[in-house]
Number of protein chains: 2
Amino acid sequence: MNIGYAASHSGLPAKTIRYYEDIGLVKPLRDTNGYRAFQESELHKLSFLARSRALGFTIEDCRTLLALYEDQERASGDVKMVARQHLEKIEAKITDLKSMRETLSHLIEACAGDHRPDCPILKGLSKVAPETA
Amino acid sequence: MNIGYAASHSGLPAKTIRYYEDIGLVKPLRDTNGYRAFQESELHKLSFLARSRALGFTIEDCRTLLALYEDQERASGDVKMVARQHLEKIEAKITDLKSMRETLSHLIEACAGDHRPDCPILKGLSKVAPETA
DNA sequence: ATAAAGGTTCCAGAGAGGGGAAGGTCAAGG
DNA sequence: CCTTGACCTTCCCCTCTCTGGAACCTTTAT
């Protein structure tokens with residue numbers, strides 16, 4: 001199957017698939033005309049990548065997960081460890097964003113938002129930077 | 001004041017300050033020796049940038065906010081609009097990450113995580129990609 | 001025969017800087 | 001006076017994950 005078919009069935013843009021080949025995540029065969037020829041197994045890997053990326057795993061995470069995916073002997077504990085580390089990162093990001101949300105929504109609430117120039121948001125942003133702890 | 005002082009008092013690395021000058025966010029004067037000479041007003045702008053970036057505003061957001069910051073006549077409503085749009089983006093990201101967290105933690109819970117190869121996480125990731133609605 | 005729809009490669013750019021080389025300058029110490 | 005070390009300068013390449021476009025080739029349909 002050609003790259004267009006692989007793209008529509010994996011959920012990844014063709015451009016992205018070519019990029020994944022570039023960085024060695026997939027290794028499709030080639031037809032005599034030079035077109036990439038994807039096998040079922042490569043298509044599965046592409047879907048795997050699409051889902052992993054959608055869950056926010058980095059490319060390097062994906063490389064690790066793919067290796068584990070292809071290793072019939074691997075322990076599920078190895079996979080779980082990667083997943084759990086990623087879950088921690090996700091939770092850290094959520095915490096971070098929530099903190100931003102609090103700060104920003106306080107600033108917004110304090111601002112009249114009318115035609116007058118006085119603005120607590122800008123005042124808040126111009127305060128001395130917090131300790132870079 | 002030199003860039004090192006400006007860096008330590010604004011909370012931004014010197015590299016970042018040079019970059020901000022490159023893209024026109026700050027315009028420090030120069031000493032005769034070629035060193036950047038920051039005035040108080042530029043230092044305030046750098047602190048403003050540091051805080052805005054820490055709240056996740058993009059550089060372009062910062063450019064807008066900085067222009068509003070410097071415009072004594074601007075309406076606070078203009079600032080509030082930028083801030084509110086950004087708050088919406090933050091909230092969307094939080095929603096997104098929470099959804100990832102749900103999916104991932106379900107997968108992790110289902111996985112024994114021992115020495116055996118059977119792994120629901122990889123199985124979950126290898127399913128057909130969801131409709132790209 | 002031709003045109004459209006696919007495929008190929010390569011180059012450039014995004015955002016937001018970071019790393020490090022090669023070199024100029026400044027202040028202190030011997 | 002000379003050196004050492006800490007600054008500062010510019011410059012270019014690297015990151016990460018693609019995305020867009022140009023120039024070109026192949027297949028399919030009309």
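By convention in this document, chain letters (A, B, ...) are assigned in the order of the sequence lines, proteins followed by strands, and residues within each chain are numbered from 1.
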> Give one of base, sugar-phosphate or nothing for B/Ile3, where a contact means two heavy atoms less than 4.0 Å apart.
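Here B/Ile3 touches the backbone only, sparing every base.
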
> Do the side chain of B/Ser99 and the main chain of B/Thr95 share a donor and acceptor less than 3.5 angstrom apart?
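Checked: no pair found.
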
> Check this one for me: any side-chain N or O of B/Asn33 less than 4.0 Å away from OP1 or OP2 of C/dC26?
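For C/dC26, OP1 or OP2 has a side-chain N or O of B/Asn33 closer than 4.0 Å.
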
> Rounded to whole Å, please give me the gap between CD in B/Glu21 and P in D/dC11.
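Those two atoms, CD and P, are 12 Å apart.
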
> How long is the line joining CZ of B/Phe57 and P of C/dG17, in whole Å?
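From B/Phe57 CZ to C/dG17 P: 15 Å.
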
> Judged by each residue's nearest nucleotide on DNA chain C, which is more toward the 5′ side, B/Lys15 or B/Ile59?
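Going by which nucleotide is closer to the 5' end, it is B/Ile59.
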
> Take atom CD1 of B/Ile23 and atom P of C/dG13, then tell me their distance rounded to the nearest Å.
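Interatomic distance, CD1 of B/Ile23 to P of C/dG13: 16 Å.
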
> Using whole Å, what does the distance between atom P of nucleotide D/dC12 and atom OH of B/Tyr19 come to?
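Those two atoms, OH and P, are 17 Å apart.
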
> For A/Asp114, is there any backbone N or O sitting under 3.5 Å from a side-chain donor or acceptor partner on B/Ser76?
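Yes; judged by distance alone, with no hydrogens or angles, the pair exists.
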
> To the nearest Å, give me how far apart CG (B/Leu25) and P (C/dG15) are.
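Rounded to the whole Å, the gap is 12 Å.
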
> To the nearest Å, give me how far apart CG (A/Asp22) and C1' (C/dT9) are.
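To the nearest whole Å, that distance equals 10 Å.
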
> To the nearest Å, give me how far apart CG (B/Leu12) and P (C/dA16) are.
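Between P of C/dA16 and CG of B/Leu12: 14 Å.
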
> How long is the straight-line distance from SG of A/Cys111 back to CE of B/Met81, given to the nearest 0.5 Å?
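One gets 11.5 Å once the value is rounded to the nearest 0.5 Å.
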
> Please determine whether a side-chain nitrogen or oxygen atom of A/Arg30 lies at a distance below 4.0 Å from atom OP1 or OP2 of C/dT9.
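Looking at the OP1 and OP2 atoms of C/dT9, one of them is under 4.0 Å from a side-chain N or O of A/Arg30.
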
> With a non-hydrogen cut-off below 4.0 angstrom, is A/Arg18 in contact with a base, only sugar-phosphate, or nothing?
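The answer is base, as A/Arg18 lies within the cut-off (heavy atoms under 4.0 Å) of a base atom.
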
> Does C/dA16 have OP1 or OP2 sitting under 4.0 Å from an N or O in the side chain of B/Thr58?
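No, outside the criterion.
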
> For B/Arg53 and A/Phe38, find the nucleotide of DNA chain C closest to each by heavy atoms; which residue's nucleotide sits nearer the 5' end?
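Upstream on the strand: A/Phe38.
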
> Using a cut-off of less than 4.0 Å, is there contact between a side-chain N or O of B/Tyr20 and OP1 or OP2 of C/dA16?
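Checking B/Tyr20 against C/dA16: no side-chain N or O falls below 4.0 Å of OP1 or OP2.
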
> Would B/Arg116 and B/Asp118 pass as an ion pair if we require N to O under 4.0 Å?
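Salt bridge absent between B/Arg116 and B/Asp118.
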
> Can you tell which of A/Lys45, A/Arg30, A/Lys27 makes a salt bridge (Lys or Arg N to Asp or Glu O under 4.0 Å) with A/Glu21?
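It is A/Arg30; the other options fail the test.
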
> It should be established whether B/Arg36 places a side-chain nitrogen or oxygen under 4.0 Å from OP1 or OP2 of nucleotide D/dT10.
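B/Arg36 to D/dT10 OP1/OP2: side-chain N or O found under 4.0 Å.
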
> Grab the CD1-C1' distance between A/Ile17 and C/dG6 for me, whole Å please.
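Taking CD1 of A/Ile17 and C1' of C/dG6, I get 14 Å after rounding.
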
> Whether B/Thr16 contacts C/dA16 is assessed here as follows: a side-chain N or O lying under 4.0 Å from the phosphate OP1 or OP2. Is that the case?
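The answer is no; no side-chain N or O of B/Thr16 sits under 4.0 Å from OP1 or OP2.
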
> Does D/dC25 have OP1 or OP2 under 4.0 Å away from a side-chain N or O of A/Tyr35?
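Checking D/dC25 against A/Tyr35, no side-chain N or O comes under 4.0 Å of OP1 or OP2.
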
